[in-house]
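Quick caveat: nothing in here was measured; it's all calculated off a predicted structure. Proteins get letters first, then strands, A, B, ... in listed order; numbering begins at 1 in each.
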Amino acid sequence: MTPDIHMQDGWSVLPRAFYRRYPTHVAPELLNKILVRADGPAARIVEVEAYAGGDDPAAHSFRGATPRNATMFGEPGHLYVYFSYGMHWCCNAVCGEIGSGMAVLLRAAEPLLGQDAMFQARKAARRGRDLASGPGKLSQAFGITRELDGADLVTANRGISIVSDGLPPPVAPQVGPRIGISRAADFPWRWHVPGNPHVSRR
DNA sequence: TTGAGGATTCTC
DNA sequence: AGAATCCTCAAA
């Protein structure tokens, strides 16, 4: 952990082994974990989706490695950032074994710290639940762009990490199909915290 | 070199 | 419901 991350009492960084599993196992366990940036925002993850490389026609990595998705094929525990629809950035936690091209998309989070900065970063946000209730919103609130593609969430080498404050994942997370995809649209690989107002598509 | 298709968001 | 907006990659 770099001294850049403003760690609170009782926070602990998720270890490499957490990520080195199939994304459908990692995804629901990322619920209630905390995404944190140096000198900036912290937010509790409340919605995620799994993308499973060659097993998953909806994954960017399904047809193999390209310059864009190279990070997905690297070491688990790194951040995969991609540009979406010509205007939004979205971020994932790389999972599985090296070379598997698997990841978990961080779709929504509940702001905990640095909300003022998040409102500054997201002019369209009128209320707290507008800050990170979607993958593009979350990345914008955190100021995540191409520059953070490949950042190591375990060593926090670029000032971004995922930590636990001891709150476990929901005992019964809500499960359903992923949003905004056309292929493999029936895979029930989206999980969210039941009833949380910061989940996307309220 | 070309062009179709996006893991979205905002406004009307 | 439609626009905004541009990168990526396969195919020619």
Discussion item. Mind checking if A:Arg190 touches a base, just sugar-phosphate, or nothing, with heavy atoms under 4.0 Å?
Written reply: nothing

Worksheet item: OH of A:Tyr51 versus P of B:dG6: gap in Å, rounded?
Response: 12 Å

Worksheet item: Does B:dT11 have a Watson-Crick or wobble mate here (both distances under 3.5 Å), and if so which one?
Response: C:dA1

Worksheet item: What nucleic acid atoms does A:Leu105 come within less than 4.0 Å of, heavy atoms only: base, sugar-phosphate, or nothing?
Response: base

Worksheet item: Contact class for A:Ala124 (heavy atom, under 4.0 Å): base, sugar-phosphate, or nothing?
Response: sugar-phosphate

Worksheet item: For DNA chain B, whose closest nucleotide is more 5', that of A:Gly86 or that of A:Gln140?
Response: A:Gly86

Worksheet item: So how far is it from A:His88 NE2 to A:Phe83 CZ, rounded to the nearest 0.5 Å?
Response: 8.5 Å

Worksheet item: Which distance, rounded to the nearest 0.5 Å, do you find between the CD of A:Glu29 and the OG1 of A:Thr24?
Response: 10.5 Å

Worksheet, complete the sentence: Taken to the nearest 0.5 Å, the spacing of A:Arg178 CZ from A:Trp191 CH2 works out to 8.5 Å

Worksheet item: Can you tell me how far P of C:dC6 sits from CZ of A:Arg146, to the nearest Å?
Response: 15 Å

Discussion item. Categorize A:Arg183 for me: base, sugar-phosphate, or nothing, with a 4.0 angstrom heavy-atom threshold over every strand shown.
Written reply: nothing

Worksheet item: Looking across every strand, which nucleic acid part, if any, lies under 4.0 Å from A:Phe83 by heavy atom: base, sugar-phosphate, or nothing?
Response: sugar-phosphate

Worksheet item: Less than 5.5 Å between centroids and less than 30° between ring planes, does A:Tyr82 satisfy that with B:dA7?
Response: no

Worksheet item: Considering only side-chain heavy atoms of A:Ile179, which listed nucleotide, B:dA7, B:dT8, C:dA4, is closest?
Response: B:dT8

Response to the item:
Partner of B:dG3 under the Watson-Crick or G-U wobble criteria, both distances under 3.5 Å, comes out as C:dC9

Fill in: salt bridge (charged side-chain N to carboxylate O under 4.0 Å, His left out) between A:Arg16 and A:Asp152, worked out
CA-CA 10 Å; A:Arg16 189 77 60 198; A:Asp152 192 340; 2.9 Å; yes

Item to complete: Round to the nearest Å and state the distance from A:Arg126 atom CZ to B:dT9 atom C1'.
Response: 15 Å

Worksheet item: Which listed nucleotide (B:dT9, B:dA7, B:dT8) is nearest to the side chain of A:Arg122?
Response: B:dT9

Worksheet, complete the sentence: Of the candidates B:dC10, B:dG6, C:dT8, the side chain of A:Ser182 sits closest to B:dG6

Fill in: A:Asn92 side chain, from C-beta outward: closest of B:dA7, B:dC10, C:dA4
B:dA7

Discussion item. Between C1' on B:dC10 and CZ on A:Arg127, what's the gap in Å once rounded to a whole number?
Written reply: 13 Å

Discussion item. Measuring to OP1 and OP2 of B:dA7, would you say a side-chain N or O of A:His60 lies under 4.0 angstrom away?
Written reply: yes

Practice prompt. Figure out the CD/C1' separation between A:Glu47 and B:dT8, and round it to whole Å.
Written response: 12 Å

Discussion item. Under 4.0 Å, heavy atoms only, any strand: does A:Arg107 hit a base, just the sugar-phosphate, or nothing?
Written reply: sugar-phosphate

Worksheet item: Is A:Arg178 touching bases, backbone alone, or none of the nucleic acid, heavy atoms closer than 4.0 Å?
Response: nothing

Worksheet entry | Nearest-0.5 Å distance, CG of residue A:Asn92 to OH of residue A:Tyr51 | 8.0 Å

